[in-house]
Amino acid sequence: MNRSPAKNVGCLILDYRSRTQTVNRPCDVFINHRGVDPKRSVAGLLYNHLTRLRLHPFLDSKSMKPGDKLFEKIDSAIRNCKVGVAVFSPHYCESYFCLHELALIMETKRKVIPIFCDVKPSELRVMDYGICPAKDLQRFSWALEEAKHTVGLTFDSLTGDWSDLVATASDSVIRNLIEVEEEQRYRCK
């Protein structure tokens with residue numbers, strides 16, 4: 001049977017999608033970050049690199065579509081991920097969403113890899129602007145302290161090598177994923 005070139009291309013695309021995308025597959029890695037800058041740099045580069053390694057990372061701008069409920073989709077991804085990557089930047093702590101995600105990652109006892117991008121851990125503080133409930137402020141402060149006391153990666157975007165950062169972060173993610181898998185196998189025995 002002779003197919004038109006358009007049909008052949010269409011079949012190739014569908015075949016490729018079926019091999020590379022799994023519907024509702026839980027993410028392996030949740031990438032927590034603040035705003036456009038890390039999304040276009042650390043978070044986006046890491047997402048793309050992990051995807052090429054055939055892992056299933058979650059990055060809001062890449063993993064969500066119009067119509068998705070923010071908290072529902074993000075909270076579900078965090079609860080089902082194996083490893084969290086928290087990309088801390090100078091304005092990270094100004095975001096309720098970032099702090100909520102970090103707190104949920106810590107509360108669900110996920111492995112966390114902090115990346116301190118253009119900020120020192122000692123500079124990170126939860127600020128009370130009078131709009132956040134005290135209960136949330138307490139959760140956020142606790143989660144931030146936990147992350148600050150976790151071995152992470154530091155990066156200065158003015159002098160650092162982006163490819164080295166992505167490679168080192170990816171290696172850390174893979175090592176932690178292996179560790180999580182081994183712990184799960186051990187518990188199942």
Please check if the side chain of Y92 supplies one atom and the backbone of L124 the other of a donor-acceptor pair under 3.5 Å. no
dist S172:OG -> L153:CG (nearest 0.5 Å) comes out at 5.0 Å
Looking only at non-hydrogen atoms, find the nearest pair between P57 and C27 and report the distance. C-CB, 4.2 Å
Hydrophobic cluster membership, L45 vs F116, 4.5 Å side-chain cutoff: no
For the residue pair Y96 and F140, does the interplanar ring angle fall in the parallel (under 30°), tilted (30 to 60°) or perpendicular (over 60°) class? perpendicular
How long is the gap from CD on E183 to CD1 on I178, to the nearest 0.5 Å? 12.5 Å
Once rounded to the nearest 0.5 Å, what's the spacing between atom CZ of F97 and atom CG of L70? 5.5 Å
Hey, does the side chain of H56 reach the backbone of P26 with a donor-acceptor pair shorter than 3.5 angstrom? yes
Hydrophobic clusters here meaning ILVMFWY residues chained together by side-chain heavy-atom distances under 4.5 Å, can you tell me if V119 and V85 are in one? no
Once rounded to the nearest 0.5 Å, what's the spacing between atom SG of C93 and atom CZ of F88? 7.0 Å
Show the nearest heavy-atom pair for residues C98 and H33, with the distance to one decimal. SG-O, 3.0 Å
Can K148 and E145 be counted as an ion pair, charged N to O under 4.0 angstrom? yes
What pairs of residues pass the side-chain hydrogen bond (donor to acceptor under 3.5 Å, both in side chains) test when at least one of them lies in residues 116-126, not counting sequence neighbours? D118-S157
Same apolar cluster (I L V M F W Y, side chains within < 4.5 Å links), I131/M127: yes
Identify each donor-acceptor pair in which a side-chain atom of residues 62-69 lies under 3.5 Å from a protein atom, sequence neighbours left out, and give them as a table.
unit_1	atom_1	unit_2	atom_2	d
S63	OG	L59	N	3.1
S63	OG	L59	O	3.2
K65	NZ	D68	OD1	3.0
D68	OD2	K65	N	2.9

Scan residues 84-94 for pairs that pass salt bridge (Lys or Arg N to Asp or Glu O under 4.0 Å), counting only residues two or more places apart or in two chains. none
When rounded to the nearest 0.5 angstrom, what is the spacing between CG in D171 and CG in N176? 11.0 Å
Under the rule for salt bridge (Lys or Arg N to Asp or Glu O under 4.0 Å), what residues qualify as partners of E146, not counting sequence neighbours? none
Taking V29 as the fixed residue, which of T51, I174, V173 is the one that meets the side-chain contact (heavy atoms from CB on, under 4.5 Å) rule? V173
Once you measure the plane-to-plane angle for F30 and F58, does it fall in the parallel (<30°), tilted (30-60°) or perpendicular (>60°) bin? parallel
Residue pairs fulfilling ring-ring contact (aromatic ring centres under 6.0 Å, His included) with at least one residue in residues 156-189, sequence neighbours excluded: F155-W162
Is there side-chain contact between D60 and K73, with at least one heavy-atom pair below 4.5 Å? no
Heavy-atom nearest pair, V166 first then L46, reads O-CD1, 4.2 Å
Which pairs of donor and acceptor atoms, one on a side chain in residues 99-115, lie under 3.5 Å apart (sequence neighbours left out)?
unit_1	atom_1	unit_2	atom_2	d
H100	NE2	D75	OD1	2.9
H100	NE2	D75	OD2	3.4
E101	OE1	N32	ND2	2.8
E107	OE1	R139	NH2	3.1
E107	OE2	R139	NE	2.6
E107	OE2	R139	NH2	3.4
T108	OG1	L104	O	2.8
T108	OG1	I105	O	3.1
R110	NE	I78	O	3.4
R110	NE	C81	O	2.8
R110	NH1	T108	O	3.0
R110	NH2	R79	O	2.3
K111	NZ	E179	OE2	2.2

Rounding to 0.5 Å, atoms CD1 (I31) and CG (L50) come to a distance of 5.5 Å
What about V83 and Y47, same hydrophobic cluster or not, with Ile/Leu/Val/Met/Phe/Trp/Tyr joined at side-chain heavy-atom distances under 4.5 Å? yes
